[in-house]
*Asks:* 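Let me begin by handing over the structure; questions about it come next.
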Protein chains: 2
Amino acid sequence: MEVTTLTDVTESATSKGEQTRELILSTALRLFRQQGYGKTTMRAIATEAGVSVGNAYYYYSSKEHLMQAYYDHLQDQHREAVESILAAEKSFVPRMTGVLRAWLEVSAPYHEFAGTFFKTAAEPKSPLSPFSEQSRPAREASVEIFRRVIDGSDLKLPADLKAELPELLWLMQMGIVLFWVHDDSADLRRTKALIDRSVPLVDRLLRLTRIPGVRGVVNDIVGLIRSIKR
Amino acid sequence: MEVTTLTDVTESATSKGEQTRELILSTALRLFRQQGYGKTTMRAIATEAGVSVGNAYYYYSSKEHLMQAYYDHLQDQHREAVESILAAEKSFVPRMTGVLRAWLEVSAPYHEFAGTFFKTAAEPKSPLSPFSEQSRPAREASVEIFRRVIDGSDLKLPADLKAELPELLWLMQMGIVLFWVHDDSADLRRTKALIDRSVPLVDRLLRLTRIPGVRGVVNDIVGLIRSIKR
DNA sequence: TCCGCTACTTGAACATGTTCAAAAGTCGGT
DNA sequence: ACCGACTTTTGAACATGTTCAAGTAGCGGA
């Protein structure tokens with residue numbers, strides 16, 4: 001259970017401003033972890049980082065933007081962690097399970113204040129919403145992971161379903177994240193159980209698409225998804 | 001497209017305190033609608049209602065609690081609106097579609113600031129979360145509606161699935177709400193399309209459970225749901 | 001060296017949700 | 001009418017996210 005150290009965040013800092021920027025971010029993340037998001041004040045972050053409040057706002061236009069930066073950092077870690085899994089595993093279930101569990105691991109240190117973070121998930125106007133235009137790059141990078149999960153696996157799927165599936169798996173991850181946020185079981189037992197049991201289920205569901213009676217429904221589902229994407 | 005009037009909220013006000021309570025609530029809801037949640041200050045609510053700020057807090061311990069009260073009010077309206085539909089329709093699709101559309105109608109006047117409201121959906125600690133202990137009564141009342149949707153319909157289902165289905169339909173509604181919050185299409189065209197197309201799909205999926213190859217997966221799904229509920 | 005431009009930094013001021021000690025009102029009992 | 005207990009009301013004070021006008025530092029060019 002490796003925990004991200006502060007210096008992990010500070011990488012390739014070059015100019016003067018960049019150093020201050022990273023210093024503020026790493027200080028903020030440390031305080032978030034230590035005392036939670038709500039109890040960490042901007043004044044505390046600034047003081048602890050040895051800068052003025054206004055200076056913190058010069059680099060991060062709001063407290064939520066510090067979260068956004070953290071989120072990006074998290075995703076980078078996840079992308080990295082996923083590589084070895086995708087290289088090693090060849091069938092769908094372990095690939096998907098591994099990817100989800102990897103997310104769980106990199107996010108674990110932040111579980112306590114994650115609620116405050118994902119609070120914004122439902123707020124359409126916030127740039128932090130996973131559905132927003134601003135988070136499109138991060139979202140697409142995330143969807144790309146699931147595309148690789150499928151492409152590198154042994155699944156045989158109808159073309160149209162295969163095209164939509166990465167986004168659906170991403171959506172599934174969003175659901176699991178929502179569950180995780182509410183999960184207060186010891187060692188995240190319940191979330192782990194959810195992952196370990198739901199992925200094989202998805203696998204079975206996907207293989208069901210070969211049954212003739214099912215095919216029609218699948219087509220309709222794909223059609224529905226396509227129609228509401230615009 | 002009937003819009004809730006302020007006096008709809010104020011009903012059966014009796015004692016002195018109750019009157020003030022309702023006055024504050026109705027004023028708050030009016031301002032929320034007129035200027036949005038974020039731009040409505042507690043001072044504005046108090047001033048407009050002709051009371052002091054502290055007095056508003058005497059009745060509602062936070063701004064969010066004013067939302068909670070609104071939410072309860074909304075649910076009451078929904079329950080009422082649903083009666084005629086459940087009395088008239090006898091098959092699943094129109095029953096379910098009607099219930100969802102009724103929700104859309106009573107909620108329509110608040111669509112603009114709904115984002116701020118459902119923001120709390122993902123925050124585990126907030127009593128406003130639909131999954132929280134505090135909102136259990138409201139949630140159960142809502143689930144009950146879906147139980148009636150099923151019980152009064154022509155659906156023939158395996159007993160164990162039938163037992164879990166009301167909660168699943170409630171979850172489906174949560175998903176639709178999330179979609180609705182992000183829907184900025186004219187006249188909520190896209191959300192309406194989502195309802196009208198997804199309900200028949202659910203209907204078809206449910207009838208698929210008769211196919212032998214599907215039965216096993218359904219059992220597993222039901223098992224998974226049951227196991228993660230604890 | 002000095003000028004001017006940009007990047008950076010500051011901290012006081014502001015906006016707003018929330019708290020709280022004190023005041024005012026209400027009401028039943030004597 | 002007065003007392004005491006409880007409910008209701010008040011507004012100033014507080015906490016904290018955010019803004020902004022002003023100041024400082026660094027740096028390339030004359």
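Just so you know, these numbers come straight off a predicted model, no measurement behind them. Each chain gets a letter, A, B and so on, in the order the sequences are listed, and its residues count up from 1.
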*Asks:* Reckon A:Thr20 has a side-chain N or O less than 4.0 Å from the OP1 or OP2 of C:dT9?
*Replies:* yes
*Asks:* What pairs of nitrogen or oxygen atoms, one from the protein and one from nucleotides 10-13 of chain D, lie under 3.5 Å apart?
*Replies:*
| residue | atom | partner | partner atom | Å |
| --- | --- | --- | --- | --- |
| D:dT10 | OP2 | B:Ser52 | N | 2.8 |
| D:dT10 | OP2 | B:Ser52 | OG | 3.4 |

*Asks:* Suppose we screen for side-chain contact (heavy atoms from CB on, under 4.5 Å). Which residues come up paired with B:Arg147, at least two apart in sequence or across chains?
*Replies:* B:Val143, B:Glu144, B:Asp151, B:Pro166
*Asks:* Using the test side-chain contact (heavy atoms from CB on, under 4.5 Å), find all partners of A:Gln35 that sit at least two apart in sequence or belong to another chain.
*Replies:*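 So A:Gln35 forms a side-chain contact (heavy atoms from CB on, under 4.5 Å) with A:Leu31, A:Lys39, A:Thr40.
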*Asks:* Find the distance B:Leu23:CG to D:dT9:P and express it as a whole number of Å.
*Replies:* 10 Å
*Asks:* Output all residues satisfying salt bridge (Lys or Arg N to Asp or Glu O under 4.0 Å) with B:Asp72, sequence neighbours left out; order by chain, then residue number.
*Replies:*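 With sequence neighbours excluded, B:Asp72 shows a salt bridge (Lys or Arg N to Asp or Glu O under 4.0 Å) to no residue whatsoever.
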*Asks:* Would you mind reading off the distance between A:His65 atom NE2 and D:dT18 atom P, rounded to a whole angstrom?
*Replies:* 10 Å
*Asks:* Expressed as a whole number of angstroms, how long is the span from B:Tyr57:OH to D:dA15:P?
*Replies:*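 Interatomic distance, OH of B:Tyr57 to P of D:dA15: 15 Å.
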*Asks:* Report the distance from atom CD of B:Glu18 to atom C1' of D:dT8, rounded to the nearest whole Å.
*Replies:*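 So the two atoms are 13 Å apart, to the nearest Å.
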*Asks:* In whole Å, what is the span from the CE atom of A:Met42 to the P atom of C:dG11?
*Replies:* 15 Å
*Asks:* Nearest to the A:Tyr59 side chain among C:dT9, D:dT9, C:dT18, which nucleotide is it?
*Replies:* C:dT9
*Asks:* Would you list the atom pairs, donor with acceptor, under 3.5 Å between side chains in residues 93-100 of chain B and any protein atom, with sequence neighbours excluded?
*Replies:*
| residue | atom | partner | partner atom | Å |
| --- | --- | --- | --- | --- |
| B:Arg95 | NE | B:Val149 | O | 2.9 |
| B:Arg95 | NH1 | B:Leu86 | O | 3.0 |
| B:Arg95 | NH1 | B:Glu89 | O | 2.7 |
| B:Arg95 | NH2 | B:Arg148 | O | 2.8 |
| B:Thr97 | OG1 | B:Val93 | O | 2.7 |

*Asks:* If you draw the axis of the six-membered ring of B:Tyr60, does the NZ or CZ of B:Arg21 fall within 45° of it and under 6.0 Å from the ring centre?
*Replies:*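 Positive - B:Arg21 is close enough to the ring of B:Tyr60 and near enough to its axis.
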*Asks:* Measure NZ/A:Lys63 against P/C:dA15 and give the value in whole Å, please.
*Replies:* 21 Å
*Asks:* Go through the structure and list residues passing ring pair (Phe, Tyr, Trp, His ring centres under 6.0 Å) with A:Tyr71, not counting sequence neighbours.
*Replies:*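 By the ring pair (Phe, Tyr, Trp, His ring centres under 6.0 Å) rule, A:Tyr71 matches A:Phe117.
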*Asks:* Can you tell me the distance, in whole Å, between the OH atom of B:Tyr60 and the C1' atom of D:dT8?
*Replies:*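 Roughly 15 Å, once rounded to whole Å.
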